[in-house]
Amino acid sequence: MDCYSQEQDENRILWTANWSNDGNFIAVGGDDKRIRIYNGHTFELLRIYKNESEVKRVRWHPIKNILAIAAIDNGSKILDVENDRTIQFESGDNIGGRSIAWNFNGELIAIADYEGVLTIWTKDGQLTNTIKKEDTKSYVAVDWHPFKNEIIVLGDDMWIYNENGDLLKKIKHRDEKVLMLCVKWHKSGKFFVTGDYGDNKVPYKPLLQFWNPSGTLIRQIEVSKTEYRNISWNKTGNRLATASDALRIWSKKGKLLKTGFSDDNLWGVDWSPDGKYIVTSSHFGKVIVWDRNANVVRKLN
């Protein structure tokens with residue numbers, strides 16, 4: 001992975017934005033095959049890394065400044081930002097992913113790929129398990145339980161596995177065949193939230209849904225005009241931010257508190273560790289920092 005100057009392209013889709021656990025860095029990635037690293041305090045662009053393929057998700061390690069990258073074809077990898085070092089996933093196959101996530105202690109990584117295969121890796125890029133393909137064309141999102149080695153992965157439905165690949169639960173989220181795009185466990189581990197694509201042609205509205213671990217629907221929200229690509233809890237777990245046609249901030253129980261309107265669709269979203277800010281990335285390549293009340297603080301490009 002090469003380090004590039006601060007050039008910026010126009011008309012790029014930036015799918016993902018993630019704030020490091022210590023607050024020092026923001027990572028943004030997208031279809032221009034670049035990973036932008038910003039200072040998490042001053043919002044200065046620090047460096048740009050060129051990737052081999054389009055970047056779909058980036059996720060910081062829960063403790064260290066190590067970035068897991070999900071990209072198409074053979075572009076997925078681990079980037080040690082502080083030491084400017086790349087760790088490759090050790091496999092003879094192409095490691096292309098749509099989503100990637102660290103487990104609670106940062107020892108394991110889950111990659112959900114385009115073929116509907118879920119793989120588990122060590123933090124050093126060693127393959128530990130390949131979980132058999134279910135009845136889905138593709139996996140789109142993945143998240144680990146906040147204190148157990150259990151994984152939720154999404155396609156047209158959702159599946160919960162343990163780290164050994166045993167299927168614990170399959171959940172059908174709606175009667176229509178609609179792709180799900182994002183999932184986040186609440187910090188308590190007592191429930192999780194999912195967002196789906198909807199279908200404007202039919203039309204099916206995009207759904208934001210709250211679930212308990214047994215697969216019982218707690219709450220369903222139909223507000224957004226476009227799909228929910230990413231969602232993020234703040235560190236205390238009392239606020240949820242969602243990225244779609246707007247930035248929306250919700251209470252723990254799903255009450256809409258604030259809305260930040262955008263000129264284009266928002267795809268990436270994440271809270272700063274102190275809960276003061278939210279970063280978003282967008283369809284037309286905009287990176288914006290908002291305050292906790294969904295007011296624009298700074299446009300980073």
Trainee: Do other residues, nucleotides or ligands put more than 12 heavy atoms under 6.0 Å from the CG atom of Asn295?
Mentor: yes

Trainee: How far apart are the C-alpha atoms of Arg229 and Glu227, what are their side-chain angles, what is the distance that settles it, and do they pass the salt bridge (charged side-chain N to carboxylate O under 4.0 Å, His left out) test?
Mentor: CA-CA 6 Å; Arg229 287 281 177 177; Glu227 65 265 32; 3.2 Å; yes

Trainee: If you define the side chain from C-beta out and look only at heavy atoms, does anything of Thr16 sit under 4.5 Å from Arg59?
Mentor: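 Side chain of Thr16 against side chain of Arg59, heavy atoms only: contact under 4.5 Å found.
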
Trainee: To the nearest 0.5 angstrom, please state how far the CG atom of Asn24 sits from the CD atom of Glu82.
Mentor: 7.5 Å

Trainee: Would you name the heavy atoms of Ser232 and Asp270 that are closest together and state the gap between them?
Mentor: OG-OD1, 2.8 Å

Trainee: Can a salt bridge be assigned to the pair Glu134 and Lys170 using a cut-off of 4.0 Å between side-chain N and carboxylate O?
Mentor: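 Looking at Lys170 together with Glu134, the answer is no, because their closest N to O distance does not fall below 4.0 Å.
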
Trainee: Do the side chains of Leu79 and Val58 join up, straight or via other hydrophobic residues, at under 4.5 Å, putting them in one cluster?
Mentor: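 Per the 4.5 Å side-chain linkage, Leu79 and Val58 are co-clustered.
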
Trainee: Can you tell if the side chain of Asn230 reaches within under 4.5 Å of the side chain of Trp15, non-hydrogen atoms only?
Mentor: no

Trainee: Are any of the side-chain heavy atoms of Trp233 and His186 separated by less than 4.5 Å?
Mentor: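 Heavy-atom side-chain distance check passes, below 4.5 Å.
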
Trainee: I need the Leu266 CG to Ser244 OG distance, nearest 0.5 Å.
Mentor: 7.5 Å

Trainee: Would you say that Asp31 contacts Arg12 through its side chain, given a criterion of any heavy-atom pair below 4.5 Å between the two side chains?
Mentor: no

Trainee: Look only at the side chain of Asp32 and the backbone of Arg34, and say whether a donor-acceptor pair between them is shorter than 3.5 Å.
Mentor: yes

Trainee: Can you confirm whether Trp267 sits close enough to His283 that some side-chain heavy atom of one is under 4.5 Å from a side-chain heavy atom of the other?
Mentor: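 Yes, side chains in contact.
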
Trainee: Quick check: closest heavy atoms across Asp22 and Pro273, and the distance to 0.1 Å?
Mentor: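 What the structure gives for the nearest pair is C-CG, 4.3 Å.
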
Trainee: Is there a donor-acceptor pair closer than 3.5 Å between any side-chain N or O of Asn65 and the backbone N or O of Val81?
Mentor: no

Trainee: Would you compute the distance between atom OG1 of Thr242 and atom CZ of Arg248 and round it to the nearest 0.5 angstrom?
Mentor: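 Going from OG1 on Thr242 over to CZ on Arg248, the span is 6.0 Å.
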
Trainee: On the 0 to 90° scale, with breaks at 30° and 60°, tag the Trp159-Tyr139 ring pair as parallel, tilted or perpendicular.
Mentor: perpendicular

Trainee: Side-chain contact test, heavy atoms from C-beta onward, threshold under 4.5 Å: evaluate it for Pro146 versus Lys187 and give yes or no.
Mentor: no

Trainee: Any chance you could measure Asp80, atom CG, to His61, atom NE2, to the nearest 0.5 Å?
Mentor: 10.5 Å

Trainee: Let me confirm one number: the CG-CD1 distance from Asn234 to Ile278, rounded to the nearest 0.5 Å.
Mentor: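 Reported value, rounded in 0.5 Å steps: 8.5 Å.
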
Trainee: Please report the interatomic distance OG(Ser76) to CG(Asn51), rounded to the nearest 0.5 Å.
Mentor: 8.0 Å

Trainee: Quick one: are Arg174 and Asp196 in side-chain contact, heavy atoms under 4.5 Å?
Mentor: yes

Trainee: State whether the side chain of Ser53 and the backbone N or O of Ile72 hold a donor-acceptor pair below 3.5 Å, judged by distance alone.
Mentor: yes

Trainee: Taking all heavy atoms of Gly268 and all of Ala243, pick out the closest pair and write down the distance.
Mentor: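 Where Gly268 meets Ala243 most closely, the heavy atoms are O-CB, 4.1 Å.
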
Trainee: Using modelled atom types and a 3.5 Å cut-off, is there a donor and acceptor pairing between side-chain atoms of Lys50 and backbone atoms of Ile48?
Mentor: no

Trainee: Donor-acceptor check, side chain of Trp144 to backbone of Ala101, threshold 3.5 angstrom: yes or no?
Mentor: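 Confirmed, Trp144 side chain pairs with Ala101 backbone.
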
Trainee: Return yes if some donor-acceptor pair links the side-chain N/O of Trp211 with the main-chain N/O of Thr194 below 3.5 Å, else return no.
Mentor: no

Trainee: Spell out, as yes or no, whether a donor-acceptor pair under 3.5 Å connects the side chain of Ser99 to the backbone of Val142.
Mentor: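 Side chain of Ser99 to backbone of Val142, a donor-acceptor pair under 3.5 Å: yes, one is there.
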
Trainee: Treating Ile, Leu, Val, Met, Phe, Trp and Tyr as nodes and any side-chain heavy-atom pair under 4.5 angstrom as an edge, say whether Leu67 and Phe25 lie in one connected cluster.
Mentor: yes

Trainee: Check for me, please, whether Tyr277 and Ile249 land in the same ILVMFWY cluster - side-chain distances under 4.5 Å, paths through other members count.
Mentor: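 Different clusters.
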
Trainee: Grouping I, L, V, M, F, W and Y whenever their side-chain heavy atoms are under 4.5 Å apart, do Leu256 and Ile218 come out in a common cluster?
Mentor: yes

Trainee: Which atom pair, heavy atoms only, marks the closest approach of Gly198 to Val178?
Mentor: N-CG1, 3.3 Å

Trainee: I'd like to know if Tyr197 and Met180 are part of one continuous hydrophobic network [Ile/Leu/Val/Met/Phe/Trp/Tyr, side-chain heavy atoms within less than 4.5 Å].
Mentor: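 No.
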
Trainee: To check you understand the geometry: which heavy-atom pair defines the closest contact between Leu108 and Glu163, and what is its length?
Mentor: CD1-OE1, 3.6 Å

Trainee: When you look at NZ of Lys286, are more than 12 heavy atoms from neighbouring residues, nucleotides or ligands closer to it than 6.0 Å?
Mentor: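 Yes, enclosed.
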
Trainee: Heavy-atom distance under 4.5 Å between the side chains of Ile171 and Ile160, does that happen here?
Mentor: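 With C-beta onward as the side chain, the pair touches.
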
Trainee: For residues Lys235 and Asn21, report the shortest heavy-atom separation together with the two atoms involved.
Mentor: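 Shortest heavy-atom contact: NZ-OD1, 4.0 Å.
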
Trainee: Show the numbers, then the answer: is there a salt bridge (charged side-chain N to carboxylate O under 4.0 Å, His left out) between Lys205 and Asp199?
Mentor: CA-CA 6 Å; Lys205 289 186 177 180; Asp199 191 333; over 6 Å; no

Trainee: Check Asp166, Val153, Asn129, Ile152 against Tyr161 for a side-chain contact (heavy atoms from CB on, under 4.5 Å) and give me the one that passes.
Mentor: Val153

